[in-house]
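Working notes, beginning with the structure itself.
Only heavy atoms go into these numbers, but all of them, side chains included; no hydrogens, no water, no symmetry mates.
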Amino acid sequence: MRKIKLWTVLSILILTLAGCGTDKEEEVFEQGNIMPYYGPIMETETAYYYTTNDFKYELHYYDKASGKSIFLCNKPECSHDGNEFCAASAGDHLPMYTALYKDGIYVAALEPQENRVDKKLFKVSLDGTKKETIATFEYEPTSGLIAHGIDAAKYMVLYQGKAFIPYATPRKDGFNNYGTAIVDIESGKVEYLEECDGLKLSGQKRYIPYGEYLYYYEAGTYRSPILYRYHISKETVEEISIAGSFVDYCIVDGRVVYTQADKDGFVHIYSMNPDEPQNPETKDLTGPLTKEDGTSLLKEWEGALRYDGEYLVTQTYNKVSIYYLFSKDGTFLTEFTPPESFN
């Protein structure tokens with residue numbers, strides 16, 4: 001029975017490996033990552049919410065009990081064409097991130113104006129009765145939010161009453177500056193993390209909320225990634241010191257767990273205490289990753305890492321993807337190669 005459970009969990013985690021993952025807490029929801037071509041499926045106890053595959057925003061509601069799908073709009077005879085009274089469509093808005101958080105669906109979108117593009121965060125009630133703008137923020141002349149299809153490590157997170165939204169600001173030299181807008185969803189107040197020079201860095205990535213912090217890293221073409229955490233109430237940023245260049249990370253029971261290759265190219269999973277910067281108690285959970293028979297996992301392992309509250313999962317790619325499942329203490333459990341159609 002345990003083996004069946006592990007394979008089931010692994011199959012589920014595969015669907016989220018390229019997206020986002022975090023320790024589960026009552027206040028946390030991160031989803032988002034949509035392009036106009038597709039959207040996330042957001043689930044409650046009674047329904048699924050999803051967007052369509054057009055170059056415009058249309059929000060649908062699927063009732064689990066009846067099996068019926070409708071536009072998330074309760075206006076009689078509404079044409080769902082983006083008119084101001086429709087909760088299920090958004091006119092000229094180009095949505096880039098969508099997330100379900102508490103009592104609403106939150107959408108970060110672009111709204112083209114005559115000589116600029118406005119960035120908006122708006123909220124749709126779960127029963128389709130209301131759509132309201134939470135905040136509007138601008139960057140001259142034509143900046144935009146970062147789309148999932150451009151960089152899968154960037155997505156919107158809602159946590160402790162705030163929305164953390166990645167954005168880009170175009171520059172005259174053809175590069176972008178990258179930053180994070182922090183929107184208070186009650187007041188609409190907007191704060192910002194310091195922008196990154198796009199010539200050197202690719203922006204803040206892999207938001208993971210945990211406790212009082214939002215963790216993220218910054219990386220660049222010629223610079224190893226550096227891990228940071230933003231204290232939400234104090235509005236301060238601190239660097240988490242990791243020796244060497246890590247590949248990916250997650251948060252497990254308050255510890256930073258990350259993947260890192262040794263000098264021979266074999267990947268390890270390490271764990272460290274971020275609250276003890278002078279003595280982080282770094283532990284090698286796996287050694288060079290090995291199976292029960294002592295054979296090493298492939299050097300080509302990409303090192304992407306996710307945690308679902310019980311299991312760690314990662315993958316390698318050598319013509320086909322192979323996924324590896326570990327307990328949270330680093331014990332290797334099993335591997336899985338998905339069907340060819342999945343890759």
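- Considering all non-hydrogen atoms of both residues, Leu214 and Pro209 come closest at CD1-N, 4.0 Å.
- Contact record, Tyr167 with Leu193: OH-O, 4.4 Å, taken as the closest heavy-atom pair.
- Between Ala87 and Cys73, the shortest heavy-atom distance links the atoms N-SG, 3.9 Å.
- Other residues, nucleotides and ligands place no more than 12 heavy atoms under 6.0 Å from the CD atom of Glu186.
- Between Tyr61 and Ile105 there is no side-chain heavy-atom pair separated by less than 4.5 Å.
- A donor-acceptor pair under 3.5 Å is absent between the side-chain atoms of Thr236 and the main chain of His231, judged by distance alone.
- Listed for the Tyr101 side chain is a donor-acceptor partner under 3.5 Å among the backbone atoms of Gly161.
- Remark: the backbone N or O of Leu126 is paired with a side-chain donor or acceptor of Tyr49 at under 3.5 angstrom.
- Atom OG in Ser271 sits 9.0 Å away from atom CG in Asp253 (nearest 0.5 Å).
- A heavy-atom distance below 4.5 Å is found between the side chains of Ile232 and Lys162.
- A heavy-atom distance below 4.5 Å is found between the side chains of Ile242 and Gln260.
- No side-chain heavy atom of Ile182 sits under 4.5 Å from any side-chain heavy atom of Glu235.
- Between Phe246 and Tyr249, the ring-plane angle classifies as perpendicular under the 30° and 60° cut-offs.
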- Message: Evaluate Ile165 against Lys119 for side chain to side chain contact (heavy atoms under 4.5 Å, CB included), listing each step before the verdict.
- Response: CA-CA 10 Å; Ile165 311 170; Lys119 270 61 61 185; over 6 Å; no
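- Remark: the backbone N or O of Cys86 is paired with a side-chain donor or acceptor of Lys131 at under 3.5 angstrom.
- Salt-bridge formation is detected for the pair Glu43/Lys64: a Lys NZ or Arg NE/NH1/NH2 atom is positioned less than 4.0 Å from an Asp or Glu carboxylate oxygen.
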- Step by step, work out the side chain to side chain contact (heavy atoms under 4.5 Å, CB included) result for Asp308 and Val313. CA-CA 9 Å; Asp308 78 329; Val313 64; over 6 Å; no
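- Classification of Arg229 and Asp275 as a salt-bridged pair holds, one side-chain N sitting under 4.0 Å from a carboxylate O.
- Nearest heavy-atom pair, Leu333 versus Ser327, reported as atom, atom and distance to 0.1 Å: CD1-N, 3.5 Å.
- Between atom OH of residue Tyr50 and atom CG of residue Leu72 there is a gap of 11.0 Å, rounded to the nearest 0.5 Å.
- In this structure, the separation between OH on Tyr324 and OG1 on Thr334 is 10.5 Å, given to the nearest 0.5 Å.
- A distance-only check finds a donor-acceptor pair linking the side chain of Asp248 to the backbone of Leu305 [under 3.5 Å].
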- Could you go step by step and tell me if His60 and Phe71 meet the ring-ring contact (aromatic ring centres under 6.0 Å, His included) rule? CA-CA 4 Å; His60 293 260; Phe71 280 92; 4.4 Å; yes
- Does the side chain to side chain contact (heavy atoms under 4.5 Å, CB included) test come out yes or no for Tyr307 and Val257, once each step is laid out? CA-CA 9 Å; Tyr307 176 62; Val257 176; over 6 Å; no
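- Defined by atom type and a distance below 3.5 Å, a donor-acceptor pair is present between the side-chain atoms of Thr180 and Tyr207.
- Contact record, Leu121 with Ala163: CD2-CB, 3.8 Å, taken as the closest heavy-atom pair.
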- Could you walk me through whether Tyr210 and Val256 pass the side chain to side chain contact (heavy atoms under 4.5 Å, CB included) test, one step at a time? CA-CA 11 Å; Tyr210 188 91; Val256 175; over 6 Å; no
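- Under the side chain to side chain contact (heavy atoms under 4.5 Å, CB included) rule, Glu238 has a single partner from Tyr230, Tyr213, Tyr228, which is Tyr213.
- Looking only at side-chain heavy atoms (C-beta outward), Asp184 and Glu191 stay at 4.5 Å or farther from each other.
- Summarising the local packing, NZ of Lys75 is surrounded by more than 12 heavy atoms from other residues, nucleotides or ligands at distances under 6.0 Å.
- Distance check, rounded to the nearest 0.5 Å: NZ of Lys123 to CG of Leu158 gives 10.5 Å.
- Closest heavy-atom contact between Ala108 and Met156: CB-SD, 4.0 Å.
- Rounded to the nearest 0.5 Å, atoms OH (Tyr217) and CD (Glu239) are 15.0 Å apart.
- Leu312 CG to Thr331 OG1: the interatomic distance, rounded to the nearest 0.5 Å, is 10.0 Å.
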